[in-house]
Protein chains: 2
Amino acid sequence: MRIGELSRKTGVPVPTIKYYVREGLLPPGELTSPNQAAYGEAHERRLQLIRALLEVGGMKVAEIADVLAAIDDPERPVHKVLGTAADRLGSGGIEHDDAGSAAARAVVADLISRRGWRTHESNPAATDLSEVLAALDRLGHGAFAEVLDDYADAAEQVARADLRYVDQRVAVEDMVEAVVVGTVLGEAVFSALRRLAHVSASAKLYGTDVPQEQKPS
Amino acid sequence: MRIGELSRKTGVPVPTIKYYVREGLLPPGELTSPNQAAYGEAHERRLQLIRALLEVGGMKVAEIADVLAAIDDPERPVHKVLGTAADRLGSGGIEHDDAGSAAARAVVADLISRRGWRTHESNPAATDLSEVLAALDRLGHGAFAEVLDDYADAAEQVARADLRYVDQRVAVEDMVEAVVVGTVLGEAVFSALRRLAHVSASAKLYGTDVPQEQKPS
DNA sequence: GATAGCGGATAGTGCCGCTATCTACTTAGG
DNA sequence: CCTAAGTAGATAGCGGCACTATCCGCTATC
């Protein structure tokens with residue numbers, strides 16, 4: 001398969017494919033001549049993965065490069081890949097560093113110990129969580145912490161489902177990819193489900209909300 | 001309070017505040033002279049909200065403008081604001097429109113009816129969900145649909161918690177803001193919790209995973 | 001009356017994900 | 001064999017976005 005066919009099959013323009021190769025997201029095709037290269041199914045699959053992480057997962061190209069490098073590295077232990085995949089999420093790294101942050105960190109540490117989670121508050125996810133809680137506090141929504149345990153219950157349930165899904169992969173490389181896909185796309189799945197449940201629940205609570213109306217624009 | 005103090009209190013640079021005013025995110029200060037204006041606590045609060053939606057929620061400035069306009073409009077019914085806040089999430093609107101999409105839409109419709117959700121599959125969230133499922137299918141992860149119900153259970157639980165939180169607001173404008181904050185920042189909270197639960201669950205499953213290690217960079 | 005700050009406006013910057021263009025070459029069709 | 005379409009690789013440019021820099025004439029304050 002040459003690049004044009006790869007482009008047609010995936011819907012990704014040829015120059016974009018070349019760009020991904022340049023950026024290290026996609027391995028180059030196997031050269032059959034100085035200016036002819038052959039691409040296989042692996043390239044097609046990889047390209048789909050790239051597009052999914054970009055469009056659905058909202059990841060940046062450089063982040064995807066990191067994650068894919070982790071996937072491709074057979075030396076890298078599974079939990080490192082998970083870390084690489086997961087760490088790209090979160091606030092983006094804005095530091096506020098006020099009094100509220102310390103309080104938020106304490107809330108997170110308490111939550112972790114209360115639930116018996118085998119992690120430490122130095123975990124990037126824990127840091128992100130404290131930052132979000134600090135932001136909520138700043139907004140006068142510190143009371144949001146009251147529903148934290150409901151959120152945590154739900155998060156545990158989702159995490160169990162994720163592990164169940166990943167666990168039934170046979171080969172290790174499939175498992176690694178399943179972790180990445182599950183982490184990133186699973187986020188999008190849950191987000192959509194939450195919004196659906198939101199609409200439905202508020203309809204039940206506040207009476208018969210019309211299902212959908214379009215504004216005249 | 002003048003703009004410099006507002007800037008100091010919120011950590012947002014003065015030119016950025018002016019930019020937000022230009023873009024309609026922040027109402028202008030009340031003019032006390034042709035070139036002097038006074039800002040109040042409402043401005044400070046609004047600025048915190050903008051930063052939270054931007055940095056934590058990852059929203060775009062134009063989207064924030066829409067949501068804030070919806071919040072400020074007393075005519076707009078609550079569920080419309082919720083819609084405005086929620087619809088900005090999701091894949092970004094890439095259409096693939098192949099056979100897999102139709103199958104994914106069917107899965108979503110089935111899910112909605114199976115769970116008795118009071119919504120329709122024309123809901124943007126439902127569309128987003130089908131698109132994610134279609135992408136998963138394209139990646140050979142169609143089996144992910146098997147854990148959809150676990151995800152949906154968790155989503156319902158989170159939605160209930162959200163409503164409980166919103167419901168205890170007294171004033172309507174507080175409620176509206178609580179919906180926005182809950183929807184957008186709640187997403188970030190859940191995301192972090194999920195990653196924490198992920199690490200913890202995989203530690204319990206795969207033995208004593210080290211909690212955290214830093215790479216030498 | 002000097003200095004710092006202000007409101008308002010316009011233009012520019014840096015990053016990011018492509019996209020356009022060019023050259024030299026290869027392949028497929030008639 | 002010739003031609004038209006396609007290709008690898010390289011460089012430069014584009015459009016969107018969230019700011020950021022600069023300037024002007026004015027004002028508050030010491």
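Note that this is a predicted model, so its numbers are computed, not measured.
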| Spatial distance of atom CG (B:Leu196) from atom CD (A:Glu121) [nearest 0.5 Å] | 11.0 Å

| request: Please report, rounded to the nearest Å, how far the P atom of C:dC16 is from the CD1 atom of A:Ile64. | output: 13 Å

| remark: If one requires at least 3 consecutive Watson-Crick or G-U pairs with distances under 3.5 Å, the stems of DNA chain D turn out to be C:1-30 with D:1-30

| query | If the sugar-phosphate is the primed atoms plus P, OP1 and OP2 and the base is the rest, what is the B/S/- string for nucleotides 19-30 of chain C, using protein heavy atoms under 4.0 Å? | reply | B----BBSS---

| field | Steps toward side chain to side chain contact (heavy atoms under 4.5 Å, CB included) verdict (B:Val14, B:Leu6) | value | CA-CA 8 Å; B:Val14 170; B:Leu6 184 61; over 6 Å; no

| field | Whole angstrom value for the distance that separates C1' of D:dG6 from CD of A:Glu5 | value | 13 Å

| Any chance the side chains of B:Glu131 and B:Ser101 put a donor and an acceptor closer than 3.5 Å? | no

| task | Taking the side chain as every heavy atom from C-beta outward, state whether B:Lys9 and B:Leu47 have any atom pair closer than 4.5 Å. | result | no

| Whole-Å gap separating P (C:dC6) and CE (B:Met1) | 12 Å

Under 3.5 Å, which donor-acceptor pairs do the side chains of residues 17-32 of chain B form with other protein atoms, sequence neighbours left out?
from, atom 1, to, atom 2, distance (Å)
B:Tyr20, OH, B:Arg51, NH1, 2.6
B:Thr32, OG1, B:Gln36, O, 3.4

| task | Taking the side chain as every heavy atom from C-beta outward, state whether B:Val12 and B:Ser7 have any atom pair closer than 4.5 Å. | result | no

| request: Please state how far atom OH in B:Tyr39 lies from atom C1' in C:dG5, giving the value in whole angstrom units. | output: 12 Å

Would you tabulate the nitrogen or oxygen pairs shorter than 3.5 Å linking the protein to nucleotides 1-4 of chain D?
none

| message | I'd like to check the side chain to side chain donor-acceptor pair (under 3.5 Å) partners of B:Asp150; sequence neighbours left out, ordered by chain and number. | response | A:Arg164

| query | OP1 or OP2 of D:dA18 sitting under 4.0 Å from any side-chain N/O of B:Tyr20? | reply | no

| query | Expressed in angstrom and rounded to an integer, what is the separation of A:Ile17 atom CD1 from C:dG17 atom C1'? | reply | 15 Å

| message | Do A:Glu44 and A:Thr10 pair up side chain to side chain, a donor and an acceptor below 3.5 Å, judged on atom types alone? | response | no

| Selected nucleotide, minimal atom distance to A:Leu54 side chain, candidates C:dG8, C:dC18, C:dC6 | C:dC18

| message | Whole angstroms only, please: what is the NE2-P distance between B:His43 and C:dG7? | response | 10 Å

| Who passes side chain to side chain donor-acceptor pair (under 3.5 Å) against A:Arg45, sequence neighbours left out? | A:Glu177

| B:Phe144 and B:Tyr151: CA distance, side-chain angles, deciding distance, ring-ring contact (aromatic ring centres under 6.0 Å, His included) verdict | CA-CA 10 Å; B:Phe144 195 87; B:Tyr151 269 65; 5.4 Å; yes

| field | Length of the CE-C1' vector between A:Met59 and C:dC16, whole Å | value | 15 Å

| Euclidean distance, atom CD of residue A:Glu23 to atom P of D:dA10 [Å, nearest integer] | 13 Å

| note | Distance col, row B:Leu68:CG vs B:Asp73:CG, nearest 0.5 angstrom, shows 12.5 Å

